[in-house]
Amino acid sequence: MKVFNTLTRQKEEFKPLTPGQIKMYVCGPTVYNYIHIGNARSVIAFDVIRRYFEYRGYQVKYVSNFTDVDDKMINEARTEGTTVPKLADKFIKAYLEDTAALNVEPATLHPRATHEIKEIIAFIQTLLDKGYAYVESGNVFYRAAKFPHYGQLSGQNIDQLEEGASEHISAEEQAQKEDPIDFALWKTQKEPDEIAWDSPWGKGRPGWHIECSVMATKYLGETIDIHGGGEDLEFPHHENEIAQSEAKTGQKFVDYWLHNGFVTVGAEAEKMSKSLHNFVTVREALQTIDPQVLRFFMASVQYRRQLNFSDDNLQQAKTAVDRFKNVLQTAAFRLQDQTAAKADPAMHELLSQTKRDFEAAMDDDFNVQNALTALYSLVTSMNEHLQKPQIDKEFVQAFSQQLQTWLGIFGLEFSTNDQAGDAKIEALVKERDEARAQKDWAKSDQLRDQLQAMGIKLQDTPQGTRWTKLED
RNA sequence: GGCGGUGUAGCCAAGUGGUAAGGCAGAGGUCUGCAAAACCUUAAUCGUCGGUUCGAAUCCGAUCCCCGCCUCCA
């Protein structure tokens with residue numbers, strides 16, 4: 001398998017530290033709000049990657065954190081008249097609900113920054129002892145220039161960074177630093193009612209970057225296989241994580257850095273973000289969009305590519321989802337009929353070929369577009385086969401299982417037994433069949449309308465009438 | 001200003017030297033009592049200019065557009 005490593009800017013053969021096992025850390029959300037489509041894209045991108053590794057037989061230990069204390073948490077808690085921990089609880093719960101609705105596999109572990117304060121303090125102390133950090137007015141800063149590879153991940157040149165210093169940091173804080181590129185490991189308490197913990201440097205709270213270094217190394221080890229996140233985290237967040245972790249352990253922190261592309265909106269294809277006020281929360285989106293469609297929409301584009309959130313693209317995703325659902329339902333329907341089966345070796349070979357194509361595509365840095373192309377091709381052949389009077393039942397069975405396994409990697413799961421007995425519906429369908437047999441089209445159409453009103457869609461086939469429940 | 005990404009048919013998109021996959025939409029057709037679903041057919045010389053080569057979307061140079069990051073951000 002090959003994965004694109006941000007650290008080297010090229011695709012590299014993937015080799016885990018321990019054969020058969022993968023240690024993977026993905027930066028989670030700051031829980032001060034409901035997650036939006038852009039956040040979900042990242043979660044889903046790495047969910048697909050994780051599921052493919054698992055499909056490939058790896059045992060994946062997947063850690064994703066919750067950032068449950070920072071400036072935004074503190075401000076939002078004040079605005080809402082609540083406390084930071086209560087705010088965090090509320091939005092962690094919402095996060096788990098929203099991602100479950102999108103069929104995201106829960107992480108092996110979901111650690112919270114505020115539950116790791118002791119470890120964070122110890123970690124910072126080590127950096128101080130080693131001379132990589134310094135205390136100033138109750139704050140602790142990381143001495144970035146002391147770390148030899150600072151800027152490597154993002155390709156940033158330290159001298160250029162100084163010139164481009166942005167205005168997101170207060171003048172007061174900048175003035176306290178030895179160097180503008182230094183960043184906070186520990187922030188002193190500003191207001192008496194502000195959430196804070198005791199530390200050797202006074203009351204305060206952790207800086208943003210330190211928590212990920214602490215949790216990743218604590219739960220996965222000093223060196224981990226994969227670290228993921230949105231590409232906006234490359235700098236400074238991940239750059240700082242490397243600086244902190246490697247300064248402390250003296251070991252390489254991460255072998256493969258993976259970053260997902262953004263969700264964009266509108267004709268301008270602007271990044272969806274909270275600061276631009278152009279975001280849609282997952283909750284809002286699910287009011288009008290089928291969860292499977294939203295899920296597939298985000299899973300069906302390669303993780304590094306930008307994804308434009310538009311009605312047109314969602315419609316395309318819906319068409320694809322319906323197509324997969326339809327072929328599986330048709331297969332299930334044909335497996336029920338008693339028509340004599342007929343072996344078809346060519347179809348078995350087709351399934352093997354699809355497997356090779358699918359895996360070759362996914363092995364190439366999760367090229368889901370090519371993987372899906374293999375599946376579309378298989379589905380077309382399958383639809384053709386399913387129209388024949390005699391089908392290869394063993395193959396249809398194998399096809400059905402295999403396709404569902406593959407779709408499962410993208411997070412699609414269908415129930416194909418909509419046909420399960422509903423006596424009332426069965427009776428109406430049968431009544432209509434009888435009307436059709438007598439060419440009583442008026443009655444037949446009236447019954448179809450009646451079933452339609454009940455949310456039942458009919459399809460007349462040579463093997464009999466097939467019905468499915470319409471989506472709501 | 002620095003760093004990075006991107007530009008392929010109306011839309012999504014594959015493709016890193018050998019003469020443009022696939023999907024959606026559109027058009028036509030087959031099947032069907034009608035419908036649904038399905039199947040078949042059908043479109044682009046690859047941002048622009050120049051170069052290398054027998055041959056380039058693919059390599060080199062220049063140039064333009066768009067997007068992102070440069071300590072809030074998935």
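All values derive from a computational prediction rather than experimental measurement.
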Nearest-nucleotide comparison on RNA chain B, the residue closer to the 5′ end among A/Gln302 and A/Ser273 = A/Gln302
task = Using a cut-off of strictly less than 4.0 Å, decide whether A/Arg305 has a side-chain nitrogen or oxygen near OP1 or OP2 of B/A13.
result = yes
request  = Assign A/Val327 to base, sugar-phosphate, or nothing according to its heavy-atom contacts below 4.0 angstrom with the strands shown.
outcome  = nothing
task = Classify the side chain of A/Glu231 versus the base of B/G68 as yes if they form a donor-acceptor pair under 3.5 Å and no if they do not.
result = no
request  = Answer yes or no: does a side-chain N or O of A/Asn383 lie under 4.0 Å from OP1 or OP2 of B/C39?
outcome  = yes
message = Please report the distance separating the C1' of B/C64 from the corresponding atom of B/G50, rounded so that it comes out in whole Å.
response = 15 Å
query = Whole Å only: how far is the CD atom of A/Gln329 from the C1' atom of B/A36?
reply = 12 Å
task = Rounded to whole angstrom, note down the P distance from B/A14 over to B/G23.
result = 15 Å
ask   = Taking only side-chain nitrogens and oxygens of A/Asn39, does any of them come within less than 4.0 Å of OP1 or OP2 of B/A74?
value = yes
message = Only pairs with both distances under 3.5 Å count, Watson-Crick or wobble alike; so what is the partner of B/C66 in this structure?
response = B/G5
query = Contact class for A/Asn370 vs. all strands (heavy atom < 4.0 Å): base, sugar-phosphate, or nothing?
reply = base
Euclidean distance, atom CD of residue A/Glu76 to atom C1' of B/C73 [Å, nearest integer] = 15 Å
request  = Kindly confirm or rule out a cation-pi arrangement of A/Lys274 over A/Tyr32, judged by NZ or CZ under 6.0 Å from the six-membered ring centre and within 45° of its axis?
outcome  = yes
Given B/A35, B/C69, B/G23, the nucleotide with the shortest approach to the side chain of A/Asp232 = B/C69
query = If you pin A/Lys274 and A/Trp441 to their nearest nucleotides in RNA chain B, which one's is more 5'?
reply = A/Trp441
inquiry  = With a 3.5 Å cut-off and heavy atoms only, can you find an N or O donor on one side and an acceptor on the other between the side chain of A/Arg448 and the base of B/A35?
reply    = yes
Nucleotide nearest A/Asp460 (side chain, heavy atoms from C-beta), chosen from B/C34, B/C69, B/C11 = B/C34
Atom pair distance, as rounded to whole Å: CG in A/Leu375 and P in B/G22 = 16 Å
task = With the side chain counted from C-beta on, respond yes when A/Phe91 and A/Leu87 share a heavy-atom pair under 4.5 Å apart, and no when they do not.
result = yes
request  = Give one of base, sugar-phosphate or nothing for A/Thr330, where a contact means two heavy atoms less than 4.0 Å apart.
outcome  = nothing
key: Sub-4.5 Å side-chain heavy-atom contact between A/His110 and A/Ile92   = no
ask   = So which nucleotide from B/C73, B/A25, B/U71 ends up closest to the side chain of A/Ile181?
value = B/U71
query = Between B/A74, B/A38, B/G15, which nucleotide gets closest to the side-chain atoms of A/Arg323?
reply = B/A38
task = Could you measure between the two C1' atoms, the one in B/C12 and the one in B/U6, and give it in whole Å?
result = 15 Å
query = With sugar-phosphate meaning primed atoms plus P, OP1 and OP2, does A/Gly261 contact a base, only sugar-phosphate, or nothing at under 4.0 Å between heavy atoms?
reply = base
message = Please determine whether any donor N or O and acceptor N or O are separated by less than 3.5 Å between the side chain of A/Glu270 and the base of B/C67.
response = no
request  = Go through B/A21, B/U71, B/C39 for me and flag the one nearest to the A/Thr373 side chain.
outcome  = B/A21
Nearest to side-chain heavy atoms of A/Asp445, which nucleotide of B/G23, B/C34, B/A74 = B/C34
ask   = Taking the six-membered ring for Trp, is the centroid-to-centroid distance between A/His209 and A/His238 below 6.0 Å?
value = no
query = Taking the six-membered ring of A/Tyr132, is NZ or CZ of A/Lys248 closer than 6.0 Å to its centre and within 45° of its axis?
reply = no
ask   = Given side chains that start at C-beta, do those of A/Glu241 and A/Leu153 come closer than 4.5 Å, heavy atoms only?
value = no
remark   = Of the listed B/G22, B/G68, B/C24, the closest approach to the A/Phe262 side chain comes from B/G68
Under-3.5 Å donor-acceptor pair between A/Lys271 side chain and B/C73 base = yes
message = Base of B/G22, side chain of A/Ser377 - is there a donor-acceptor contact under 3.5 Å?
response = no
request  = Quickly work out the A/Gln315 CD to B/C12 P distance and round it to whole Å.
outcome  = 15 Å
message = Counting the atoms with a prime plus P, OP1 and OP2 as sugar-phosphate, which does A/His259 contact under 4.0 Å by heavy atoms, base, sugar-phosphate, or nothing?
response = nothing
query = Hey, does A/Val254 have a side-chain heavy atom less than 4.5 Å from the side chain of A/Tyr25?
reply = no
query = Looking for any heavy atom pair under 4.0 Å, which part of the strands does A/Asp449 touch: base, sugar-phosphate only, or nothing?
reply = nothing
key: Sugar-phosphate only, base, or nothing, as touched by A/Gln306 at under 4.0 Å among non-hydrogen atoms   = sugar-phosphate
query = Would one find a side-chain N or O of A/Gln369 under 4.0 angstrom from OP1 or OP2 of B/A14?
reply = yes
key: Interatomic distance where CD belongs to A/Gln387 and C1' belongs to B/C39 [whole Å]   = 6 Å
ask   = Between A/Asn367 and B/G15, is there a side-chain N or O to OP1/OP2 distance below 4.0 Å?
value = yes
query = How far, in whole Å, is B/C70 from B/C46 if one measures between their C1' atoms?
reply = 33 Å
ask   = Checking all strands, does A/Thr380 fall into the base, sugar-phosphate, or nothing category for heavy-atom contacts under 4.0 angstrom?
value = sugar-phosphate
note = Side-chain atoms of A/Gln459 come closest, of B/A36, B/A74, B/U71, to B/A36
query = Between A/Arg41 and A/Phe262, is NZ or CZ placed under 6.0 angstrom from the six-membered ring centre and within 45° of the ring axis?
reply = no
task = With a 3.5 angstrom cut-off on both distances, give the Watson-Crick or G-U wobble partner of B/U41, or none if there isn't one.
result = B/A27
request  = With heavy atoms under 4.0 Å as the rule, sort A/Gly38 into base, sugar-phosphate or nothing.
outcome  = base
task = Quick one: label A/Leu458 by what it contacts on the DNA or RNA (base, sugar-phosphate, nothing), any heavy atom closer than 4.0 Å.
result = base
message = Given B/C73, B/A74, B/G33, identify the nucleotide with an atom nearest to the side chain of A/Arg436.
response = B/G33
ask   = Expressed in angstrom and rounded to an integer, what is the separation of A/Leu153 atom CG from B/G4 atom P?
value = 13 Å
task = Classify the ring geometry between A/His149 and A/Phe147 as parallel (under 30°), tilted (30 to 60°) or perpendicular (over 60°).
result = perpendicular
ask   = The side chain of A/Phe183 lies closest to which of these nucleotides: B/U71, B/C39, B/C69?
value = B/U71
ask   = Over how many whole Å does the gap from A/Gln10 atom CD to B/G5 atom C1' extend?
value = 17 Å
ask   = For the pair made of CD1 in A/Ile242 and P in B/U71, what is the distance, rounded to whole Å?
value = 17 Å
Nucleotide forming a Watson-Crick or wobble pair with B/C59, both distances under 3.5 Å = B/G51
request  = Please work out whether the ring planes of A/Phe279 and A/His36 are parallel, tilted or perpendicular, with thresholds of 30° and 60°.
outcome  = tilted
